[in-house]
Amino acid sequence: MKADPAAQERLLEVQALDARADQARHRLATMPEAAEMTALEASRTEVDDERRDAQIVVDDLDLAQRKADNDVEQVKTRRTRDRDRVEQGLITNPKDLERMQHELASLDRRISVLEDEELEVMEQLEEAQARLAELVQRVAAADERLAELTVVREEKAGAIERELSEIADARGPAVEGLPDDLLALYEKLRASKGGVGAAELRQRRCNGCQLGIDNAEIAVIRSTPADQVVRCEECSRILVRTAESGL
């Protein structure tokens, strides 16, 4: 393949722009904020699931406490009613009075048991509410951090997108007028050689594979016409000769 030496050197400019674009796209795809957001969103989902479970526990215990409160009040109301009947002398039959006193003692014991149960439920509810509050705070903290990361990510992504746009604007004039076959070969090599399709021959070294070129090959390259496209024997990339090639 033949190409004007100036066109071959311009290929290095295109390669430099493409390398910058590749690096920019890599930065865009591997922003640490994006990775942190992915991890944080996963952990937030787990915490939010725990929060929903904790809310169910709190709701159940709140219902249990209200039932326990109601049970205690019902028994206390009954005790007050029976005690008032006794104190007001409404029960005159000795047997009925004795039975009522036994009933009042039984109600006292029942109230004591119910109040113990009520206290236990209250303690469980306090613990569950504290756990729920902690989980709510963790979800809120995750949301706050996600919002911060989103702002930073969007700012960085915007800057990178602008850089890519500038590179694209510069690439157009750089490739303008390059031979189609030279550009096609470059693109094919770039796709198969890790993004580097053309490399400078600098100080007898290929800047693509970074390997030195032996004297015999240097002699061959030196004798090759300037308009002949040279390829690196080691990596097959287009080898562009410049004043710094050491030929």
Side-chain angles (χ1 to χ4, degrees), residues 1-39 41-42 149-247:
M1 179 185 296
K2 291 184 179 294
D4 186 270
Q8 294 185 48
E9 288 203 34
R10 281 174 55 203
L11 201 57
L12 293 178
E13 180 185 347
V14 175
Q15 176 65 76
L17 289 169
D18 287 342
R20 281 183 56 201
D22 288 343
Q23 291 166 1
R25 283 189 285 268
H26 178 73
R27 294 200 309 273
L28 186 62
T30 59
M31 284 191 293
E33 291 78 13
E36 184 178 349
M37 286 179 69
T38 299
E41 285 167 351
L149 289 169
T150 298
V151 171
V152 175
R153 182 189 63 180
E154 289 179 352
E155 289 177 352
K156 286 188 175 182
I160 294 173
E161 292 291 354
R162 288 190 295 274
E163 181 183 356
L164 285 169
S165 179
E166 292 170 0
I167 293 171
D169 290 342
R171 193 181 192 276
V175 299
E176 187 176 355
L178 289 180
D180 290 343
D181 55 352
L182 178 65
L183 194 56
L185 175 61
Y186 163 76
E187 296 289 4
K188 180 180 179 180
L189 290 170
R190 217 175 87 77
S192 63
K193 299 291 182 181
V196 180
E200 180 185 7
L201 173 59
R202 187 178 183 84
Q203 298 301 317
R204 302 190 175 193
R205 179 181 296 273
C206 171
N207 274 2
C209 59
Q210 300 301 320
L211 294 177
I213 299 174
D214 61 38
N215 291 332
E217 180 61 19
I218 286 293
V220 172
I221 294 173
R222 184 184 296 120
S223 63
T224 301
D227 64 349
Q228 182 71 39
V229 175
V230 175
R231 306 274 293 275
C232 175
E233 278 197 339
E234 295 295 335
C235 66
S236 298
R237 293 179 174 94
I238 296 170
L239 205 53
V240 179
R241 290 165 283 179
T242 70
E244 302 298 323
S245 294
L247 296 176

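Side-chain atoms are counted along with the backbone in the values below, which use heavy atoms only and exclude waters and symmetry mates.
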Could you state the interatomic distance from OG1 (Thr38) to CD (Glu33), rounded to the nearest 0.5 Å?
-> 11.5 Å
CG on Asn207 to SG on Cys232, rounded to 0.5 Å = 10.5 Å
Glu9: side-chain contact (heavy atoms from CB on, under 4.5 Å) partners, not counting sequence neighbours = Val240, Thr242
Go through the structure and list residues passing side chain to side chain donor-acceptor pair (under 3.5 Å) with Arg190, not counting sequence neighbours.
-> Asp22
Do side-chain atoms of Arg237 reach the backbone of Lys193 as a donor and acceptor pair under 3.5 angstrom?
-> yes
Which value, rounded to the nearest 0.5 Å, describes the distance between Lys156 atom NZ and Glu154 atom CD?
-> 13.5 Å
Which residues satisfy the side-chain contact (heavy atoms from CB on, under 4.5 Å) test with Thr224, sequence neighbours excluded?
-> Val220, Gln228, Val230, Arg241
Residues two or more places apart in sequence or in another chain: which of them pass side-chain contact (heavy atoms from CB on, under 4.5 Å) with Glu155?
-> Val151
If you look at every heavy atom in Met1 and Leu182, which pair is closest and at what distance?
-> SD-CA, 3.7 Å
Nearest heavy-atom approach of Pro179 to Ala7 is CD-CB, 4.1 Å
Not counting sequence neighbours, list each pair that qualifies as a salt bridge (Lys or Arg N to Asp or Glu O under 4.0 Å) and has a residue in residues 202-227.
-> Lys2-Asp227, Glu200-Arg202
Determine, step by step, whether Leu189 and Arg231 satisfy the side-chain contact (heavy atoms from CB on, under 4.5 Å) criterion, reporting the C-alpha distance in whole Å, the side-chain angles of both residues, the deciding distance to 0.1 Å, and the verdict.
-> CA-CA 11 Å; Leu189 290 170; Arg231 306 274 293 275; 3.7 Å; yes
Identify the two heavy atoms, one from Ala174 and one from Leu17, that lie closest to each other, and give their separation to 0.1 Å.
-> CB-CD1, 4.0 Å
Is the CG atom of Asp180 crowded by more than 12 outside heavy atoms at less than 6.0 Å?
-> no
Contacts of Glu187 that satisfy side chain to side chain donor-acceptor pair (under 3.5 Å) - sequence neighbours left out | Arg171
By side chain to side chain donor-acceptor pair (under 3.5 Å) - contacts of Glu36 (at least two apart) = Arg145
Please tabulate, for side-chain N and O atoms in residues 157-166, each donor-acceptor pair with protein atoms closer than 3.5 Å (sequence neighbours left out).
unit_1 : atom_1 : unit_2 : atom_2 : d
Arg162 : NH1    : Gly158 : O      : 3.4
Glu163 : OE1    : Arg27  : NH2    : 2.5

Test item: Gln15 side-chain N/O and Ala199 main-chain N/O as donor-acceptor pair under 3.5 Å = no
Considering all heavy atoms, the nearest Ile167-Ala21 contact = CD1-N, 3.7 Å
Which residues pass the side-chain contact (heavy atoms from CB on, under 4.5 Å) test with Arg10, sequence neighbours left out?
-> Leu178
Between the main-chain N or O of Ile238 and the side-chain N or O of Gln8, is there a donor-acceptor pair closer than 3.5 Å?
-> no
